[in-house]
Amino acid sequence: MVFPMVLLRLLDWVLYQLLANSFYRAARKMKSYWFNFEYNIISSKPQHLQQPCLSFPSVTKCDLEALRASQPTLAFCDVHKVLLNTHSFFPFFMLVAFEGGSILRALLLLLSCPLLLILNHDMNLKLMTFITFCGLRIKDMECVSRAVLPKFYLENLNLHAYEVMASSSSKVVFTSVPRVMVEGFLKEYLSVCNVIGTELQTFGTYFTGFVSDSGLLVKHRALKEYFGDRKPDIGIGSSSFDDHIFMSLCKEGYVVNNPSPMLGREKYPKPLIFHDGRLAFLPTPSATLLMFMWLPIGILLAIYRILVGILLPYKWAMILGVWSGINLNVKGIMRSQSSEQKKGVLYVCTHRTLLDPVFLSTSLAKPLTAVTYSLSKVSEFIAPIRTVRLTRDRKQDAQTMQRLLSEGDLVVCPEGTTCREPYLLRFSSLFAELADEIVPVAMNAHVSMFYGTTAAGLKCLDPIFFFMNPRPCYHIHILGKVPKELTCAGGRSSCEVANYIQSQLALALGFQCTTLTRRDKYLMLAGNEGIVNQQRNTKINHHCTNNNKGETLLS
């Protein structure tokens, strides 16, 4: 008898939330609309119909110079609609569900959208939290918070709210969304002193999916508890009634009304060099639905493109690949190799995906050999070109590459790992010691749906995800051969040669040089040895710095 009673109680609760509670809220809204309509006819004063919170001035009226001089205490009311332009937090829950969970969890969250439209705000947030976090490992959430979410937060930052936040050193954010989703970004990128948000229950190393016993955070109550009798100097909120109550507890209040222009990369509070995850778009409900509709077609298309590259000659592979939607732009002409030259040409490429050597070989219409360290067996099996594994032993790897150059042309990627953003990582100097015939190749890739690289996921799926994009794009710019006087044969050191080639490739692509390495990337994204030291992330400049001896050539 216990189970039927529990089932009946659960059914009663669901019916109440879906029917009674929803109809009650709808009736209240209709009553409110009718009252405002009558009042408008009688009084003919549109200003009385405005919400009380609109009496606060716009955040654009805030004097930034005065803020920098006085350094007040700022209190921000929530993240969405205030710090971010987006009004819905669904896309960020979807990112956690897809990147930290699985594609099935993401599908379940998408299927819950009709239910989310019916439920009120609190139940909406609780349902998204349960689907996203139930059974999710704490470690996976930390990885997504560190490596995936910051990119999308930065791209959706409200410019006006950010300018106010950047003008003060003391700021606190109160949010009703789970704290673990925003705290890392707010503290690391926006230097927020403290983040007060909804806490989640955990069991061992997993989330249960339920919020803590205190429930969803009530922002104005949390403000009172945090500051006590002392009022913060400035409160920033949206035009909602709850935010009006929040801002009324501050000495001054400013409203974020409309979405602001996108925050340019040059205005980012901290350079975004590394990020992880497969999704290359903000997964709104409509965009996510289109992705799931595309998946069966994308998988078949990826298989077709891979088979074309493996089975057909270069000319036909390029033609059929372009017909299938691949956009391949090749610039520059490589002169034919002289018959007197005994060694092959060493192509030095920027590293955007594992397919860099494949596209270069197809563009040149000749076989190349690529050296690699951590290529999966699946990628090695489907590769249409020869791949040779290295050992990370500098002396032994140098001997291997010398032997390969004596057999033919060779491709190396001295960055040691892929980088998605417009930056070049530090170049290994080993390649400069091995050949005098060096040809730099600037390569760049663009995708619209899936990234073809990963640091924490399954690397064997990298080529498949890249080819699953509807119209993946590759830009290949073959630069001229490095003059002999700028190589080691001309008296230059290997580090000088590596720095010179890095600068030329960066100039061709419009990228910035950095001294960051493969190790820095994996510390940041995979968290193998913790988060990268803040000092390392500041090693970015428009000019290349001296290289030490590199550790890797191709990941």
Side-chain angles (χ1 to χ4, degrees), residues 78-80 83-84 86-113 115-116 121-157 173 175-189 195 197-212 216-217 272 274-289 291-292 449-451 454-458 465 524-527 531:
D78 229 315
V79 178
H80 57 294
L83 282 175
L84 302 180
T86 177
H87 282 206
S88 171
F89 220 71
F90 174 89
F92 304 101
F93 277 97
M94 178 59 71
L95 285 169
V96 176
F98 188 92
E99 308 289 5
S102 65
I103 192 171
L104 294 179
R105 186 188 294 268
L107 179 60
L108 181 60
L109 183 59
L110 177 65
L111 294 176
S112 70
C113 282
L115 194 59
L116 297 176
H121 175 268
D122 288 357
M123 291 304 302
N124 189 313
L125 197 54
K126 287 182 178 178
L127 180 59
M128 286 195 298
T129 300
F130 180 78
I131 295 175
T132 303
F133 285 93
C134 182
L136 185 69
R137 293 193 306 176
I138 298 176
K139 181 180 178 181
D140 292 335
M141 178 60 229
E142 292 174 349
C143 184
V144 172
S145 176
R146 180 176 63 249
V148 178
L149 293 177
K151 169 185 168 60
F152 296 93
Y153 287 150
L154 287 172
E155 291 178 348
N156 283 272
L157 263 184
V173 175
T175 177
S176 56
V177 302
R179 178 181 54 83
V180 294
M181 292 182 64
V182 296
E183 184 177 33
F185 167 75
L186 293 175
K187 288 189 174 182
E188 183 176 353
Y189 284 85
V195 180
T198 298
E199 300 294 339
L200 301 181
Q201 294 182 3
T202 58
F203 182 79
T205 58
Y206 294 87
F207 291 102
T208 64
F210 297 101
V211 299
S212 62
L216 296 176
L217 184 80
L272 178 70
F274 301 126
H275 64 87
D276 204 15
R278 291 294 189 185
L279 297 183
F281 63 97
L282 186 67
T284 60
S286 57
T288 307
L289 177 61
M291 180 199 72
F292 276 101
M449 189 172 291
F450 301 110
Y451 284 116
T454 182
L458 295 175
F465 270 104
M524 177 65 186
L525 300 185
I531 299 177

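All of these numbers come straight from a predicted model, not from anything done at the bench. Count residues from 1 along the sequence.
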From [atom1] ([X]) to [atom2] ([Y]), nearest 0.5 Å:
X	Y	atom1	atom2	answer
Thr129	Leu125	OG1	CG	4.5 Å
Phe203	Phe210	CZ	CZ	13.0 Å
Leu272	Lys151	CG	NZ	6.5 Å
Phe274	Met524	CZ	CE	8.5 Å
Ser176	Lys126	OG	NZ	11.5 Å
Leu127	Asp122	CG	CG	12.5 Å

Notebook entry, point to check: Are any of the side-chain nitrogens in Glu142 or Arg146 under 4.0 Å away from the carboxylate oxygens of its partner?
Noted result: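 No salt bridge links Glu142 with Arg146.
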
Margin query: Can you tell whether the side chains of Arg278 and Glu99 come within less than 4.0 Å, N to carboxylate O?
Written below: no

Margin query: Less than 3.5 Å apart, any donor N or O on the side chain of Thr175 or Asp78 sitting next to an acceptor on the other?
Written below: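 Side-chain D/A pair, Thr175 to Asp78: present.
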
Heavy-atom pair with the smallest gap, counting every atom of [X] and [Y]:
X	Y	answer
Val144	Pro150	O-CD, 4.3 Å
Gly204	Ile138	O-CD1, 3.9 Å
Tyr206	Gly135	CD2-O, 3.3 Å
Arg105	Thr132	NH1-O, 3.0 Å
Leu109	Ala97	CD2-CB, 4.1 Å

Considering only heavy atoms from C-beta outward, does the side chain of [X] approach that of [Y] to under 4.5 Å?
X	Y	value
Leu200	Phe133	yes
Leu95	Pro283	yes
Ile103	Phe292	yes
Ser286	Leu289	no
Phe98	Leu279	yes
Leu186	Glu183	no
Gln201	Val211	no
Val173	Val182	no

Note to self: Quick check on Lys139: does its NZ atom have over 12 non-hydrogen neighbours (other residues, nucleotides or ligands) under 6.0 Å away?
What the structure shows: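 It does not: Lys139 NZ has 12 such atoms or fewer within range.
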
Next item on the list: Run the numbers on Glu199 and Arg179 for side-chain contact (heavy atoms from CB on, under 4.5 Å), then give the verdict.
Entry: CA-CA 6 Å; Glu199 300 294 339; Arg179 178 181 54 83; 2.6 Å; yes

Next item on the list: Walk me through it: do Thr208 and Cys134 pass the test side-chain contact (heavy atoms from CB on, under 4.5 Å)?
Entry: CA-CA 5 Å; Thr208 64; Cys134 182; over 6 Å; no

Checklist line | Aromatic centroids of Phe92 and Phe89 separated by under 6.0 Å | finding: yes

Next item on the list: Let me see the working for Met449 and Phe465 under side-chain contact (heavy atoms from CB on, under 4.5 Å), right down to the final yes or no.
Entry: CA-CA 9 Å; Met449 189 172 291; Phe465 270 104; over 6 Å; no

Can any side-chain N or O of [X] pair as donor or acceptor with the backbone N or O of [Y] at less than 3.5 Å?
X	Y	answer
Thr202	Phe207	no
Ser112	Leu115	no
Asp276	Ala456	yes
Ser145	Met141	no
Ser88	Phe90	yes

Margin query: Please identify which of these residues, Tyr189, Tyr451, Phe185, meets the ring-ring contact (aromatic ring centres under 6.0 Å, His included) condition with His275.
Written below: Tyr451

Next item on the list: Kindly determine whether Val96 and Leu149 satisfy side-chain contact (heavy atoms from CB on, under 4.5 Å), including the steps that lead there.
Entry: CA-CA 8 Å; Val96 176; Leu149 293 177; 4.2 Å; yes

